[in-house]
Student: 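Take a look at the following structure, please.
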There are 2 protein chains.
Amino acid sequence: MNKKSKSLSKNQKIVLDFIQKNKKPVKAYSILSNVQKKGINAPPQVYRALDKLIKIGKIHRVESQNSFVACKISNCDTPHKTVFSICNSCEIVSEINDPKLFKNLKDFRDKDGTVFDGYNLEFFGTCKSCKNKQIENTKH
Amino acid sequence: MNKKSKSLSKNQKIVLDFIQKNKKPVKAYSILSNVQKKGINAPPQVYRALDKLIKIGKIHRVESQNSFVACKISNCDTPHKTVFSICNSCEIVSEINDPKLFKNLKDFRDKDGTVFDGYNLEFFGTCKSCKNKQIENTKH
DNA sequence: AGTATAGTGTTATAATATAACAAATTTTTA
DNA sequence: TAAAAATTTGTTATATTATAACACTATACT
């Protein structure tokens, strides 16, 4: 019963629900067109819900794609501390959960000794499945 | 006289020059309005130059800001391996040059063992100068 | 109950980015 | 050096992403 467990509003639920259904990150206007049947009519309604969901850590923004993805880390309440891998080929995004990397990032100080509140790290590469496909295509 | 030292085209030079003059990252349309007197008239001319400059590592894109900043690391030819600190208050961006952090990032493998081609890391916090200002404001 | 806070619905518009096409320039290589 | 290839340019139009502003409604908080 902590303070953060306040329930979501109608629009927030609709938007979160749609994002969670998708394996890949989704774009704001794709969300919009997919939830219009549920009574969400205009961009601001989507963006407001997105802002809130990001704030409470339920979703993250994939900066390099202008897209949004559900947080896969259970009980995530740490927005702005995110690590993703992004496939250059199929654009699938996975949230990385690596304690050692997290520690490195959390402990990082710049030359001034400045401590940072948050970070966003995106790794780019070719995912296993796309790599396999490429090898198959070479064979033929 | 390596292969990458081919000289830049006219528009590329104009755009790079403007970005390098600025301490803070600049936005595409701000570049456009500032270089119109030099004969660049339309967005595509700016975006093409930006694409090229990013590709050769002369500038980087600050993803969370849709802005562009000159590479501060001498002879940088590694686009897509970038680390920045961004001040939440004044939005100033500094490129971080930390060999230990670079090594951690370069060596990172995900659970599958996937190797990544590149990464982009953005740290968020309050820069020293803004922190000092905040303290001063508290005093009065 | 009264007030503060957060969320809704709406219209309009701002800000960011790319498609498509014809022409000119530079680089490569035969 | 002439022809072919690749890159860059200039241009118009349009797509995509995001926010401003305003009136109103619902919910949470003493």
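Here is the naming used below: chain letters follow the sequence lines, and residue numbers restart at 1 for every chain.
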Student: Distance-only check: which donor-acceptor pairs under 3.5 Å involve side-chain atoms of residues 33-47 of chain B, not counting sequence neighbours?
Tutor:
from	atom 1	to	atom 2	distance (Å)
B/Ser33	OG	B/Tyr29	O	3.4
B/Ser33	OG	B/Ser30	O	3.2
B/Asn34	ND2	B/Ser30	O	2.7
B/Lys37	NZ	B/Asn34	O	3.2
B/Gln45	OE1	B/Asn41	N	2.8
B/Gln45	OE1	B/Ala42	N	3.0

Student: Can you see whether A/Asn120 engages A/Glu122 through a side-chain donor-acceptor pair at a distance of less than 3.5 angstrom?
Tutor: yes
Student: For B/Gln45 and D/dT9, is the shortest distance between a side-chain N/O and OP1 or OP2 below 4.0 Å?
Tutor: no
Student: Closer than 4.0 Å, any side-chain N/O of B/Lys52 to the OP1 or OP2 of D/dT8?
Tutor: yes
Student: In whole angstrom, what separates A/Lys55's NZ from C/dT5's P?
Tutor: 13 Å
Student: Take the protein atom CD of B/Gln65 and the nucleotide atom P of C/dA15, then report the distance between them rounded to whole Å.
Tutor: 16 Å
Student: Test side chain to side chain contact (heavy atoms under 4.5 Å, CB included) on A/Arg48 and A/Asn11 and set out the steps.
Tutor: CA-CA 9 Å; A/Arg48 284 175 194 145; A/Asn11 288 357; over 6 Å; no
Student: Indicate whether OP1 or OP2 belonging to D/dT9 is found under 4.0 Å from a side-chain N or O atom of B/Ser9.
Tutor: yes
Student: For residues 100-108 of chain A, which side-chain N or O atoms pair as donor and acceptor with protein atoms under 3.5 Å away, sequence neighbours left out?
Tutor:
from	atom 1	to	atom 2	distance (Å)
A/Lys103	NZ	A/Asp107	OD2	2.5

Student: So if I take residues 10-24 of chain B and measure heavy-atom distances to DNA chain D, which residues fall below 4.0 Å?
Tutor: B/Lys10, B/Asn11, B/Gln12
Student: Over the length of the helix from C/dA1-D/dT30 to C/dA30-D/dT1, how much do the five-pair end axes diverge, rounded to 10 degrees?
Tutor: 50°
Student: Quick one: list whatever passes salt bridge (charged side-chain N to carboxylate O under 4.0 Å, His left out) with B/Asp17, sequence neighbours left out.
Tutor: B/Lys21
Student: Measure all distances between protein nitrogen or oxygen atoms and nitrogen or oxygen atoms of nucleotides 18-21 of chain D, and list the pairs falling under 3.5 Å.
Tutor:
from	atom 1	to	atom 2	distance (Å)
D/dA18	OP1	A/Arg61	NH1	2.8
D/dA18	OP1	A/Arg61	NH2	2.8
D/dA18	OP2	A/Tyr47	OH	3.0
D/dA18	N7	A/Tyr29	OH	2.6
D/dA18	N6	A/Tyr29	OH	3.1
D/dA21	N6	A/Arg48	NH2	3.3

